[in-house]
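Everything on this sheet refers to the single structure shown next.
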Protein chains: 2
Amino acid sequence: MPKKITNKERITIKQVAEKAGVSTATVSRVINNSPLVTKKLKTRVGRLIEELGYYPNRSARHLRTNKICRIGVLFADISNPFFTSVLAGIESALQKAGYILLLGNSNENPQTELLHLNAFIEEGVSGIIFAPTTNSLSRYEKIFNLGTPLLTFDRIVDGLKVDTISINNSDAAYHATTHLIKLGHKDVAFIGGPQKISTAKLRQIGYQQAMQEAGNLPQRIIIGNFRQDGGYEAMQKLINLPNKPSAVVISNNLMTLGALQCIHEHGLLIPNDIAIVGFDDMPWFASLQPPLTVVAQPTYEMGTIAARMLIDRIQNPNNPIQRIILETQLIVRKSCGYQLGSLDSIEIDTPTRFI
Amino acid sequence: MPKKITNKERITIKQVAEKAGVSTATVSRVINNSPLVTKKLKTRVGRLIEELGYYPNRSARHLRTNKICRIGVLFADISNPFFTSVLAGIESALQKAGYILLLGNSNENPQTELLHLNAFIEEGVSGIIFAPTTNSLSRYEKIFNLGTPLLTFDRIVDGLKVDTISINNSDAAYHATTHLIKLGHKDVAFIGGPQKISTAKLRQIGYQQAMQEAGNLPQRIIIGNFRQDGGYEAMQKLINLPNKPSAVVISNNLMTLGALQCIHEHGLLIPNDIAIVGFDDMPWFASLQPPLTVVAQPTYEMGTIAARMLIDRIQNPNNPIQRIILETQLIVRKSCGYQLGSLDSIEIDTPTRFI
DNA sequence: TTGTAGGCGTTATCAA
DNA sequence: TTGATAACGCCTACAA
């Protein structure tokens with residue numbers, strides 16, 4: 001008869017105590033490095049713990065102490081390299097601080113988002129970092145009222161009184177647009193994103209402002225979905241126009257990729273036929289032909305700062321709310337071309353960062 | 001005197017029971033959708049739960065039932081787009097199955113890896129997906145003996161009897177190398193990776209085999225660190241050689257990026273001066289100049305399958321161990337050049353995937 | 001159909 | 001310095 005294989009039961013503090021001939025209290029003290037235990041006992045019990053393969057049960061601990069180092073992180077689009085880089089930053093900071101990272105992906109879907117937020121609460125996380133899918137205050141009020149510290153990154157929910165970290169979106173788009181205008185482009189188009197996402201709206205405002213200040217230049221805005229196919233379609237529309245724009249600001253990284261593909265497929269030359277400023281620098285943007293001029297966001301830093309802010313908030317719940325806005329950097333490469341006499345106003349090439 | 005703001009206490013089943021004038025058992029039954037409760041009571045208690053903002057405490061639940069839907073995922077390099085894509089696949093599958101994802105990043109550091117694995121165990125995860133940093137069986141034996149289902153992806157630990165999913169690494173490198181040889185290259189170099197990583201070793205073997213079978217062509221292998229700077233340095237070494245190779249197989253994506261940068265900086269032309277086959281297709285590889293010929297791995301699928309395998313294992317602990325090997329695809333673009341008379345043996349261009 | 005009560009693994013209080 | 005014990009929030013026999 002085959003031996004029935006059962007799941008191994010986990011060693012508990014009780015079993016360690018029995019084997020050691022001490023009380024569970026003592027074992028607990030050893031685990032928690034209490035100074036009360038004699039050195040001799042400590043080493044003896046410690047060895048036994050190692051030997052038996054005892055691992056503390058965090059659920060029990062959590063229940064008893066109501067303290068736990070877990071943080072929920074909820075992304076809007078996990079496969080977007082922008083988010084990935086932020087995630088890397090968050091992970092690094094949380095790891096250093098000894099926090100466990102619970103990860104979720106809302107996929108830009110408010111329903112899914114709520115599911116994850118609830119799950120995080122049930123898991124008892126001591127804080128949540130997330131990129132909200134909508135700008136609707138009421139959607140987040142219930143969670144907010146629970147008192148678990150929240151921090152939104154990249155995007156802002158109007159009226160939600162939580163710490164936030166984001167970039168200066170309107171400025172970023174403003175500078176990108178102005179860069180093109182200074183190079184002599186009068187017909188600069190803009191590929192924007194879903195209006196319910198605050199970053200999309202702000203970048204659009206920056207573009208509009210730049211066009212207005214430059215003498216009320218005619219604006220052309222196409223809205224995409226912030227993904228690659230959206231960028232492709234948007235660029236398609238622009239190219240098919242009777243009076244194709246001479247330059248385009250593309251307001252997000254994936255759409256930039258799609259737009260590039262579209263441009264290549266039409267056999268258009270950058271920057272001669274069409275000039276481009278993209279969003280979010282990526283290590284490979286410098287290897288594109290031509291190397292891409294982009295607005296670079298400090299993504300990794302955004303992640304580390306977000307995590308540190310949240311941990312700080314957990315420790316000091318009553319400190320005033322913080323809203324951090326990081327500045328972006330326009331990295332000028334070769335996708336906008338040059339025009340004599342205007343070079344003085346252009347920033348210098350930034351070397352590619354090795355990440 | 002300022003009112004002392006205290007953290008809101010969380011509503012418990014007991015408080016709901018009191019308010020509702022029922023026992024905690026009844027509330028518990030309502031939460032768990034027990035068919036025993038009358039409809040009327042169910043709706044009444046249900047409404048109260050909603051009203052009071054009650055969230056079940058999963059730690060307590062876990063303690064009591066010893067069941068919990070948490071899975072630990074440990075990556076070796078979270079900022080590598082290859083891993084990111086796998087993560088997206090895992091997340092998607094876990095979300096569908098109702099599992100919470102605990103994420104860690106070992107950063108290729110065995111110490112950090114162990115810390116995370118231990119933390120996962122303490123969190124009581126019902127399974128762990130990870131990319132081992134080493135090929136040392138003894139390193140994972142303790143965790144293995146605990147009985148928590150393990151699954152390694154991308155890499156394999158010799159002798160570790162757990163489910164695995166990986167690609168056919170030697171085949172992939174073999175085909176990449178053969179592709180170049182068939183195009184007429186006799187002097188194909190190889191940029192490899194750390195030997196403690198199984199994928200690096202296997203890809204190297206594939207290269208060696210191809211060179212041997214092609215009439216014992218002279219092999220040139222440079223070992224990099226699987227990161228961008230490593231690829232740069234390795235390519236630098238190759239370029240500085242008195243007899244520079246005419247073609248190079250680069251065994252990972254980040255090193256490909258670095259190698260490209262090096263090639264550009266030296267003003268060399270691809271494929272005329274040097275032909276390239278890279279590893280891991282990325283959406284933007286098609287937009288490079290010239291578009292890159294690569295070995296494409298089904299990364300996202302690897303993630304979804306890994307997650308499903310692990311969940312299956314959790315439910316059927318005694319099923320036989322599975323080792324899944326996914327085939328790769330050589331995507332021929334323009335970084336290897338063409339040679340008349342040899343085109344028949346080359347696969348056809350694959351269209352860029354929209355992810 | 002609902003209620004009572006014990007216990008999951010841990011820690012903290014109190015007594016020894 | 002160590003031990004006994006209650007309690008954290010929840011679920012589930014078992015009793016009613």
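Naming: A, B, ... by sequence-line order, numbering from 1 per chain.
- Computed from coordinates, the B/L63 CG to D/dC10 P distance equals 12 Å when rounded to whole Å.
- Distance check: B/I121 CD1 to B/H116 NE2 gives 13.5 Å after rounding to the nearest 0.5 Å.
- Distances from the side chain of B/R61 to the nucleotides D/dC8, C/dT10, D/dC10 place D/dC10 closest.
- Between the CZ atom of B/R10 and the P atom of D/dG9 there is a distance of 10 Å, rounded to whole Å.
- Considering A/N118, A/T133, A/T134 in turn, A/T133 is the only one that fulfils the side-chain hydrogen bond (donor to acceptor under 3.5 Å, both in side chains) rule with A/E113.
- With values rounded to the nearest 0.5 angstrom, B/T84 atom OG1 is found 13.0 Å from A/F83 atom CZ.
- Side-chain N or O atoms of B/S126 include one that pairs as donor or acceptor with a backbone N or O of B/R70 at under 3.5 Å.
- Considering every non-hydrogen atom in both B/L310 and B/G127, the closest pair reads CD2-C, 3.7 Å.
- Side-chain N/O atoms of A/T65 include none lying less than 4.0 angstrom from OP1 or OP2 on D/dC8.
- Using a 4.0 Å cut-off between charged nitrogen and carboxylate oxygen, A/E50 and B/K142 count as a salt-bridge pair.
- For the pair B/N66 CG and C/dG9 C1', the computed distance is 10 Å after rounding to whole Å.
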Checklist entry - Given A/F226 and A/F82, is the ring pair (Phe, Tyr, Trp, His ring centres under 6.0 Å) satisfied, shown in steps? => result CA-CA 12 Å; A/F226 261 22; A/F82 163 75; 9.6 Å; no
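- Within residues 39-56 of chain B, the residues having any heavy atom under 4.0 Å from DNA chain C are, by residue number, B/L41.
- Here OH of A/Y54 is found 4.5 Å from CD1 of A/I13. Values are rounded to the nearest 0.5 Å.
- Atom pair A/N57:CG and C/dG7:P shows a separation of 18 Å (rounding to whole Å applied).
- Nearest-nucleotide mapping onto DNA chain C: of B/T38 and A/I11, the residue sitting toward the 5' end is B/T38.
- Residues from residues 13-36 of chain B placing a heavy atom under 4.0 Å of any atom in DNA chain D, listed by number, are B/I13, B/A25, B/S28, B/R29, B/N32.
- The nearest whole Å value for the distance from the CD atom in B/E122 to the C1' atom in C/dG9 is 13 Å.
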Checklist entry - What's the verdict on side chain to side chain donor-acceptor pair (under 3.5 Å) for A/S198 and A/R155, showing C-alpha distance, side-chain angles and the deciding distance? => result CA-CA 6 Å; A/S198 67; A/R155 305 162 183 187; over 6 Å; no
